[in-house]
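So you know, we letter chains A, B, ... as the sequences are listed, proteins then strands, and number each from 1. Note that this is a predicted model, so its numbers are computed, not measured.
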Protein chains: 6
Amino acid sequence: MIIYPFTAIVGQEKMKKALILNAINPKIGGVLIRGEKGTAKSTTVRALADLLPEIEVTDCPFNCSPDELCDICKEKKEKGELKIIKKKMKVVNLPIGATEDRVVGTLDIEKAIKEGIKALEPGILAEANRNILYIDEVNLLDDHIVDILLDVAASGWNIVEREGIKVKHPSRFILVGTMNPEEGELRPQILDRFGLMVDVEGINNVKDRVEIIKRVEEFQKNPEEFYKKFEEKQKELREKIIKARELLEKVKISDELLELISGVCIELGIHSHRADITVVRTAKALAAYNGREEVILEDVKEAMELALPHRLRRKPFEQPKLDKEKLEDTINKLKKK
Amino acid sequence: MIIYPFTAIVGQEKMKKALILNAINPKIGGVLIRGEKGTAKSTTVRALADLLPEIEVTDCPFNCSPDELCDICKEKKEKGELKIIKKKMKVVNLPIGATEDRVVGTLDIEKAIKEGIKALEPGILAEANRNILYIDEVNLLDDHIVDILLDVAASGWNIVEREGIKVKHPSRFILVGTMNPEEGELRPQILDRFGLMVDVEGINNVKDRVEIIKRVEEFQKNPEEFYKKFEEKQKELREKIIKARELLEKVKISDELLELISGVCIELGIHSHRADITVVRTAKALAAYNGREEVILEDVKEAMELALPHRLRRKPFEQPKLDKEKLEDTINKLKKK
Amino acid sequence: MIIYPFTAIVGQEKMKKALILNAINPKIGGVLIRGEKGTAKSTTVRALADLLPEIEVTDCPFNCSPDELCDICKEKKEKGELKIIKKKMKVVNLPIGATEDRVVGTLDIEKAIKEGIKALEPGILAEANRNILYIDEVNLLDDHIVDILLDVAASGWNIVEREGIKVKHPSRFILVGTMNPEEGELRPQILDRFGLMVDVEGINNVKDRVEIIKRVEEFQKNPEEFYKKFEEKQKELREKIIKARELLEKVKISDELLELISGVCIELGIHSHRADITVVRTAKALAAYNGREEVILEDVKEAMELALPHRLRRKPFEQPKLDKEKLEDTINKLKKK
Amino acid sequence: MIIYPFTAIVGQEKMKKALILNAINPKIGGVLIRGEKGTAKSTTVRALADLLPEIEVTDCPFNCSPDELCDICKEKKEKGELKIIKKKMKVVNLPIGATEDRVVGTLDIEKAIKEGIKALEPGILAEANRNILYIDEVNLLDDHIVDILLDVAASGWNIVEREGIKVKHPSRFILVGTMNPEEGELRPQILDRFGLMVDVEGINNVKDRVEIIKRVEEFQKNPEEFYKKFEEKQKELREKIIKARELLEKVKISDELLELISGVCIELGIHSHRADITVVRTAKALAAYNGREEVILEDVKEAMELALPHRLRRKPFEQPKLDKEKLEDTINKLKKK
Amino acid sequence: MIIYPFTAIVGQEKMKKALILNAINPKIGGVLIRGEKGTAKSTTVRALADLLPEIEVTDCPFNCSPDELCDICKEKKEKGELKIIKKKMKVVNLPIGATEDRVVGTLDIEKAIKEGIKALEPGILAEANRNILYIDEVNLLDDHIVDILLDVAASGWNIVEREGIKVKHPSRFILVGTMNPEEGELRPQILDRFGLMVDVEGINNVKDRVEIIKRVEEFQKNPEEFYKKFEEKQKELREKIIKARELLEKVKISDELLELISGVCIELGIHSHRADITVVRTAKALAAYNGREEVILEDVKEAMELALPHRLRRKPFEQPKLDKEKLEDTINKLKKK
Amino acid sequence: MIIYPFTAIVGQEKMKKALILNAINPKIGGVLIRGEKGTAKSTTVRALADLLPEIEVTDCPFNCSPDELCDICKEKKEKGELKIIKKKMKVVNLPIGATEDRVVGTLDIEKAIKEGIKALEPGILAEANRNILYIDEVNLLDDHIVDILLDVAASGWNIVEREGIKVKHPSRFILVGTMNPEEGELRPQILDRFGLMVDVEGINNVKDRVEIIKRVEEFQKNPEEFYKKFEEKQKELREKIIKARELLEKVKISDELLELISGVCIELGIHSHRADITVVRTAKALAAYNGREEVILEDVKEAMELALPHRLRRKPFEQPKLDKEKLEDTINKLKKK
């Protein structure tokens, strides 16, 4: 099955950028995409998974990275039986009605006493390891499930504990949630746990829209041919991301910019320290994406637009928005100090 | 059992046209029929199924097309055991209280590990493959079930996944939903997923109503005889649809018209790209139905009346309506540009 | 057990007439009786069942008519084992808390694959075949059950489908529902599905009420003796109904009256075509009851009073009423045209 | 265990009279007692059961009367094994949370096919046969259970039907319900099904209240001795009731009084014919209680006070009351006619 | 485990008195303690149980008194196997989420037919027999459970009836309920069933509060030593209660005081006769506690303050309070008569 | 896995102090931390567990202290098989959806009769013994579970009782709850049961925030190295806590200060005696932490700020706050007396 190419998606630059930055550094903490249906959100996420380079995984039910093995893999390794294969990343859907058992897996207690992790019937969090976990309409999800997800997203481990028996496996994923703001906002606690947030808006530009129709109809008629036209662009972007990942470790940020970041957060009344930290990580990923080893002011500004709006205090039913002009003013005010 | 003939249905031209267009190109995405009870909605849908040409299917539980085989069929084919038969299309009802298991089927996990798709007790989505899936009072359906249906309708595949085991079978159907607007509207997300929408109104014309009574009473008394009177008309319409299906592939649309379509959508504040794409597909089906290889402005206008009203932004409790005059004005305004 | 005789019921002529007309032609579609408790509704329905001529049935669990056999009966017939017996009609109650299983029957899937309809544990709809199905306080019934009932009432078949297995048996009944309008109205969709509607009012006439007390106390003391007093009247009415049934096939209605009927429906803003058709069927039954082969204007008027009030558009909480004078005016207006 | 004697109860004459009249003629249809807690309602009902003469019953689970045998008794009778014993009447409580199974009994279907009524695990309605069925706080009872109870109370039979199997046993009881009007009224339908209604009010009379305290404390200290003091009175009342039961059959009512009764009901806007009939039955029981064979005006008036108030039309939340003066005026007005 | 001594509790005299009076005569009917958390309610109740003299019980699961034996004990007694032991009273907690089975016990029907009471898995009401039943936050308890409890409290027997089988065991306890009035009041019916009610208020007296801190900290450090300091006082109070129990039988109350009690109840609009009776019993217990054989006016006044406030009519959300002055005035007014 | 060091946490001094004081004297009764997400609440608690000295425990499922043995341990001890090991303290999470069984453990009744405590499948309260029990978003927890927790927290024992069988094990823990006040307050009863409460506020200080970012990023990159930088500080604080624990027993408080404490509570309208007692215990822990054997006024003031705010009376939705100035004024006013 041929996937619509990421680089063939018209417009929606901010959403695409946020996804790419998370692909560069998953520690940014995922993206919450807000917007109406029919604005290509799920198409874009599927296209990203298809775009990203293959990953090396072991042949265990938890999709382990060769760098971080579960107990099953460790056992195999000792016996010299561990196999490493290459796989495309995939988008794992979390359905709205999913139960806790479905998400974390089911543990057979009696078996667990003897066999540990092998007693775990893997759940969605196992499947999501090293992949993209996609939650459509995250605002309709059960609070309890959201809590579990965000805890796993933060720690990178799915820990299943029943009657005192505890097994765990790695569960590192790029978390992407979507929501339609017309159907109710998320609680501030949960908003804060998403690294970035983007508002997807409709395209009010005839040329782009006609381009979209043409591409969709063309892709519909002959996917293979359509894909070929974008093959080069896809490769370029893929390699740019690979390079950025390598560069990331070396990227530096000046104390001056750090002070600016904290200053803006305080000025905007944001208490969560996750705000500051996410801005820093996002800015570093931006620098790396642009091939630089030094974060510059523009990286910080762009990072703030992605990392701060959903962390602003709001009145009930008010939408999480950050006025760009206000942001500029705040930055300028602080720089003058 | 003799079905009331499609061509004997008095009036309701818009509803009949919308159904025919979906029969020509199921990718249009179904029809939502809004209107009061007693206005022949289910009669018309049943009549359409009866009218349409027979389909070729394999003898598997999923009603496979010879062009798209499930794993059971593939196995049979390899063994040279695959049988192709001809069948009438049927209308598959989705009852309001249907559970997820009933809709997607039930998977016997242990069996699934060994036998794959054979372990699936087929559900309504299996039965609906290549048929018409009819949901009466879709606004009373559980949201979760609606989501499943629309996802399957979009992808054409029913994917059942339990505890990491995944089986799938094709599920391509013409989706027809009905609703009584007095009993609550659908959420915008769901409205957007229906290709077309028609409002069925009462017939306020004595001649037509008397004709309806006479035909119903006549059909009631002697169905066979009544059917014979319409046999010729039925054949004509059936062949017109078959020809349109063949012609469809060749139908073209000019850039000018594409720009007009996107322009109108923007002007009307419609963000979903599904709007533009559905208008294009519907206009092409109309051209094909009329025997043309070129979409003309009139096709576009007619398509817009079917594809746009339910995608307009509305205030809560406002009804999805598109003022025809406003549509004309918008089109004229854009054409002058 | 001796049943209070139908012809001994004092007053309530409209309710009695509506029941008799359905006994003449069950295709009229049942009666909805609206009125307070204590107004002899269930007594009258039980009395009707007792009054009507015996029916010929086969000895199967579905009470088949010799003209319409279920698969069990067909098998027996082939073996020459089918027995036909005569039975009194009975009133089958549908209790408010009845589950879907209780109503449609329970299907043993594994058995059904081999034995078809024999695997069905028959439900209320089996018992109701060829009898009167009585639903007290239909407005308190679960919507889902109401939908099932009305679908079966319309098609005359109870189709049970579980996991792809489908069995069916005839289920043709005279549907009688009662409701107390003080406890909430029915949804328009459901109202439309009842053929006729009558409002039962209290009797404000001392002579009649004293007569009622005397008859009830007399019946209470000695049912046999009381019944004898009405035996002749019962026989007369029974024969009148039998004759009407025979005459019904021959009854004609003029185009002029058909136009009047549709005209009135349009004038009153009734969209459902069931309205027109029910008026026609009811008028024909009235003509037959009166021994005529030609429907006259008076039949139509009487039929309209029974078939239209509950199909008028109403505001929420407004009661379904049809002003007799308004009806006359509308008819006169149309006749002048 | 010694029961507080009926004749030792101070005040509450209307409640006591209503209970006695039902003991004379259970066809009156029970009593609904409205009043606050702590006003001796349940004490009085228990005392009545203790006061009434013993009943003759068979030794079956349904407490059959020798005049009305269940199938088990009939079988025993044929074998000459039926035993008749004498038993005190008892008060059977219907707990608020009682399920349908608990009330009607549980039917073992497979056993029922072979053994009929023996397959019924008897419920409260079996235990209640020939006894007093007492429902405390009837307004808190589940509507569905109330419906079952009132149907059984009306027909005198408990009919259990499961999957087409039907068994039945007699269930004739004096129905006594209590309710605190501060906790919500009953629906009119249900009110109408109780034969009589009395309002129990607090006693605002020092002498009576002191007498109550003294009697309760005296009874508490030495029940045997206390009972002896009232033994003679108890015997007298018991015999008066027995005589009234015998006389009842012979009691007559004039047409003039019948017309008065219906006239008053019409005048008061009461539509239910149960009103007229209950007044007649209650008036006859009163005549019998007073040793007369002829109903007099005073009997009718007293009966009306017990049988009409809860059948008057009321606005929501209005209490069911009948102004005594208004009743007199209505009677006088009608008598003048 | 050493319990904080009853006599070491600072203040809260009214609560302590109400508990002691119930310990003297459990027929008073329990205490409802209203007040905020942190006011030593549960500490006081536990301390009372520890203070009261040991009870003689049999060695059966129902904690029988040698004077009132269950069937198990009776059987043992006949065989000469009944053992009588001495036990401390205990406080049995009724948890808020307790099910009916947990409260009344579980009956194994099949076993019950053969073995009677032995088939009962004892519940909380068995454990509570002869002890204190403590319900924290009684206003949060399920109404159905409250009803069961109060019925058992009134009759002194727990009667378990399932499918016609009935077993019973004594269940006599001192019922103590607590509630925080800020969390909603109890229904009047339930309030009336508690014998006495006290409002626990905070102590606004530095000396007392410091004394409380010191005692709690002292007890915390060395319970044994602390207990010894109060041993003498504990013994004195225990003996005073034992003497009062013996004296109680002989206590008399004059007709004059009885009339005063009923008069006050009428004057205050209290209809429940439980009010008068509880005042009399409480006044007698007070006389006995004070070593008198004659109730005096002061006893009556004190009893009224404990037994009447929660039986006054209130508007919704009004708190049950009795103005002391108003009580005095009412008494004086009545005495002048 | 290396834990972020407690002494590396920037700011939030009040929260850290409250946690340390509970570590010195767990009888203070836990801490409720109020504040928004992202303010390092859970990080701090985890860091505390890591900081505290190891504990000596037995090798039983209940983590017994060598000073307080469960029955399993006692049995082992008698056989000379009891092993004592040293373990780090841990943070036990109580998930929001936890059932009662999960919290208290599951008891196998039949096994329990023979084997007592061994029949208990240990729950969270077993795991929490001698550790920190952490409840995130305690205001979203089921009331019933909260009640269980707070009772165990108060008594130090988890008592499991099913069908009359009772087993118990020690369960002493430092209770830490967090809540976001924007999501609803706790009931006053529950607030009162938490020893201390602190409001965590955001840090509005650029230097601190930059420091936080730097430390988090540094820790992220190389945890081992980061930890080494704080090793000395960690050791110092650990030893200070150990010394304070030893000193605590000897700390004295003057009567003057006790009177001041009670006076302030009365003045502020706090009724719960837990307020006074918690202030005393907290002040003593503060004195010990500061190396003093005598409580001074400053200790009392600091203790009041931690122990009183959540015990003040509030209007609904008002936040629990204690105005520092008001506290000073009250203290001064009282001191002048």
Side chain / backbone / both / neither for [X] at chain F, heavy atoms under 4.5 Å:
| X | value |
| --- | --- |
| E:Ile203 | both |
| E:Lys207 | neither |
| E:Asp208 | neither |

(request) Give the member of F:Ile148, F:Ile270, F:Asp276, F:Ile253 that has the highest number of heavy-atom pairs under 4.5 Å with chain E. (result) F:Asp276
(request) Specify the closest pair of heavy atoms between F:Cys265 and E:Arg209, including all atoms of both residues, with the distance to one decimal. (result) CB-NH2, 3.6 Å
(request) Determine the minimum heavy-atom distance between E:Lys221 and F:Glu249, stating which atoms define it. (result) NZ-O, 4.3 Å
(request) In plain terms, say whether E:Glu217 and F:Lys284 are close enough for a salt bridge, that is, a side-chain N and a carboxylate O under 4.0 Å apart. (result) yes
Crowding at [atom1], [X] (>12 non-hydrogen neighbours, <6.0 Å):
| X | atom1 | value |
| --- | --- | --- |
| E:Glu218 | CD | yes |
| E:Glu225 | CD | no |
| E:Lys14 | NZ | yes |
| F:Lys250 | NZ | no |

(message) Quick check on the interface: out of E:Val216, E:Ile213, E:Val200, E:Asn205, who has the most heavy-atom pairs with chain F under 4.5 Å?
(response) E:Ile213
(message) Measuring from atom NZ of E:Lys214 to atom CD1 of F:Ile277, what distance do you get when rounded to the nearest 0.5 angstrom?
(response) 13.5 Å
(request) Hey, could you give me the NE2/CZ distance between F:His273 and E:Arg215, rounded to the nearest 0.5 Å? (result) 12.0 Å
